[in-house]
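Proteins come first, then strands; the chains are lettered A, B, ... in the order of their sequence lines, and each starts at number 1.
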Protein chains: 2
Amino acid sequence: MTGKRSGSAVAKAQAIAAEVRRRIVERQWRHGDRIPDEADLAIEFDAARATVNKALQMLADEGFLDRRRRAGTRVAIHHKAVFAIPVVREQVEQAGMAYSHRVVAYRQSPIPAEIAARLALPEGEVLVHMRAVHYGDGRPFQIEDRWLNPQAVPGLEKVDLGRFNANEWLVLNTPYLHADLAFSAENADRRDARLLGARHGEALLVLHRTTWNDLGPITTVRVAFHPGHFVSTEGRSG
Amino acid sequence: MTGKRSGSAVAKAQAIAAEVRRRIVERQWRHGDRIPDEADLAIEFDAARATVNKALQMLADEGFLDRRRRAGTRVAIHHKAVFAIPVVREQVEQAGMAYSHRVVAYRQSPIPAEIAARLALPEGEVLVHMRAVHYGDGRPFQIEDRWLNPQAVPGLEKVDLGRFNANEWLVLNTPYLHADLAFSAENADRRDARLLGARHGEALLVLHRTTWNDLGPITTVRVAFHPGHFVSTEGRSG
DNA sequence: CACAAAAATATGTCTAGACATATGAAGTGT
DNA sequence: ACACTTCATATGTCTAGACATATTTTTGTG
């Protein structure tokens with residue numbers, strides 16, 4: 001028969017998308033993995049293939065999946081958010097510069113009130129606090145001041161963030177469900193100026209970003225860009 | 001019969017969306033107008049209703065259309081871009097402040113090289129150049145420095161932009177097909193400082209925005225925010 | 001082995017039909 | 001006037017089937 005619809009509270013395609021998203025976020029299906037094809041998922045979820053197709057297309061739009069004809073559907077490696085979290089290395093290398101980075105500070109530390117409020121964690125909770133500088137052709141490109149929640153990042157303890165790049169490692173290994181972004185401008189303080197090679201008081205574009213997954217807040221970071229840097233995007237039509 | 005597909009170069013839903021978009025941008029269907037229902041459009045375009053539905057949902061996602069059950073589909077009044085062009089008045093009033101604005105300068109003027117390059121127009125072309133200050137509770141909130149292309153904005157000559165708000169008028173009356181956004185930080189120069197009530201040299205968040213429609217560039221604007229202002233968004237999951 | 005042709009396969013898209021649901025409009029009673 | 005009910009209607013969503021298309025895999029050939 002055609003056109004049977006249960007009066008379920010949530011649309012079926014939405015429910016399928018939610019379940020697939022859950023499997024990705026909970027690592028049941030990992031980065032780069034091929035997931036079952038639409039026909040199999042249609043059987044599993046007792047739905048028409050068109051419904052599964054719709055669900056998977058939604059997830060592809062959100063950046064969770066990469067889909068190609070004949071090649072199948074894979075869990076995305078890069079996360080295409082609207083304001084995508086840029087992997088700094090790629091940004092630098094795309095500009096034709098040689099990338100390098102240096103971790104300036106790395107320690108466990110109780111969080112101050114401001115960070116606690118932003119992460120909705122109790123003040124004094126101990127998180128990983130790190131600062132790093134990213135360079136293009138040896139010149140400072142951006143500095144990051146980051147708080148990391150190990151509880152939300154399984155596998156973090158195995159990574160030497162002093163050597164690897166926190167930004168990069170997180171983007172590649174930690175899907176997030178929600179992100180807050182805020183741009184502002186700040187006059188460079190002495191530390192900013194020193195690390196970025198800017199003048200004291202110079203205007204810096206600052207980006208605050210906080211991400212969450214189902215386990216709680218993942219990380220919050222303050223990124224300050226080299227003076228004169230632009231962050232641009234293309235607006236959707238409307 | 002089921003499942004007939006012509007091997008057209010462009011997907012049918014895409015083509016329908018493009019045609020509806022064209023009718024909106026060219027004012028055949030105007031803001032707030034009710035457009036024909038899915039069944040009628042399906043007949044007109046010789047497509048299944050599901051295909052028309054897909055096309056219209058795409059346009060609703062892009063912010064061109066507002067759709068409601070039983071009430072039908074209307075051309076959207078507000079333009080929900082990803083980084084929506086905020087109507088400053090709404091921003092201010094939502095913060096519980098009284099809105100006002102003042103046009104500081106308004107004249108026809110040949111465009112300098114930088115603006116010409118940004119708009120892809122010949123240098124020296126004469127456009128409308130205006131500067132305005134937006135206030136919340138009487139205190140400067142943002143300043144805008146805008147170039148307007150009358151050729152791309154039919155009806156502009158009838159509007160007294162000295163009284164009405166260019167930002168608001170454009171958002172409400174001029175659909176755009178494409179927008180570029182770029183954030184940067186600048187130290188306030190003397191004029192910025194005076195108009196915004198900031199200190200000379202203070203870091204300002206600056207947003208450059210340029211929009212186009214099928215007639216060409218509509219407007220490019222530099223918006224400088226009051227010191228300490230944040231522009232935030234919610235990232236999509238991914 | 002190199003390379004081209006053919007087969008296989010997963011996603012992309014469309015169609016026709018059906019039922020679900022929200023809500024505007026009209027009618028009804030108080 | 002006002003609240004309440006009923007009805008009509010446009011969109012929302014799903015199903016099953018079919019063909020289209022991009023790629024990968026396999027097979028055939030020099």
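Contact annotation for B:Ala47: backbone-only contact, meaning every heavy-atom pair under 4.0 Å involves sugar-phosphate atoms and none involves a base. Among the atoms of the strands shown, none is found under 4.0 Å from any heavy atom of B:Ala39. As judged by a 4.0 angstrom heavy-atom cut-off over every strand, B:Asp46 is placed among residues touching the sugar-phosphate backbone only. Nucleic acid contact class of B:Arg34 (heavy atoms, under 4.0 Å, all strands): sugar-phosphate only.
The side chain of A:Arg67 places an N or O atom within less than 4.0 Å of a non-bridging phosphate oxygen (OP1 or OP2) of C:dG12. Remark: A:Lys12 is in phosphate contact with D:dT15, judged by side-chain N or O atoms under 4.0 Å from OP1 or OP2. In terms of phosphate contacts, A:Asn53 brings a side-chain nitrogen or oxygen within less than 4.0 Å of OP1 or OP2 of C:dG12. Residue A:Thr51 places none of its side-chain N or O atoms closer than 4.0 Å to OP1 or OP2 of D:dT13. A close approach under 4.0 Å does not occur between any side-chain nitrogen or oxygen of B:Thr73 and OP1 or OP2 of D:dA10. When the side-chain nitrogen and oxygen atoms of B:Gln57 are compared with OP1 and OP2 of D:dT13, one or more of them lie within a distance under 4.0 Å.
If you measure from atom CZ of A:Phe45 to atom C1' of D:dT13, you get 18 Å, rounded to the nearest angstrom. Between the CG atom of A:Leu41 and the C1' atom of C:dA10 there is a distance of 12 Å, given to the nearest Å. Residue B:Met58 contributes atom CE, which lies 17 Å from atom C1' of D:dT11 at whole-angstrom precision. Computed from coordinates, the B:Ile43 CD1 to C:dT15 P distance equals 13 Å when rounded to whole Å. Here C:dA20 presents its C1' atom at 14 Å from CD of B:Glu38, a figure rounded to the nearest Å.
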Between protein and nucleic acid, restricted to nucleotides 24-28 of chain D and to nitrogen or oxygen atoms under 3.5 Å apart, what atom pairs and distances do you find?
residue: D:dT24; atom: OP1; partner: A:Arg68; partner atom: NH2; Å: 2.7
residue: D:dT24; atom: O2; partner: A:Arg70; partner atom: NH1; Å: 3.1

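For A:Phe141 and A:His229, the ring centers are positioned less than 6.0 Å apart.
B:Arg23 pairs by the salt bridge (charged side-chain N to carboxylate O under 4.0 Å, His left out) definition with B:Glu19, B:Glu44, not counting sequence neighbours.
With no hydrogens or angles considered, a side-chain donor-acceptor pair links A:Thr220 and A:Arg118 at under 3.5 Å.
Between the side chain of A:Arg49 and the base of C:dG12, at least one donor-acceptor pair of N or O atoms lies under 3.5 Å.
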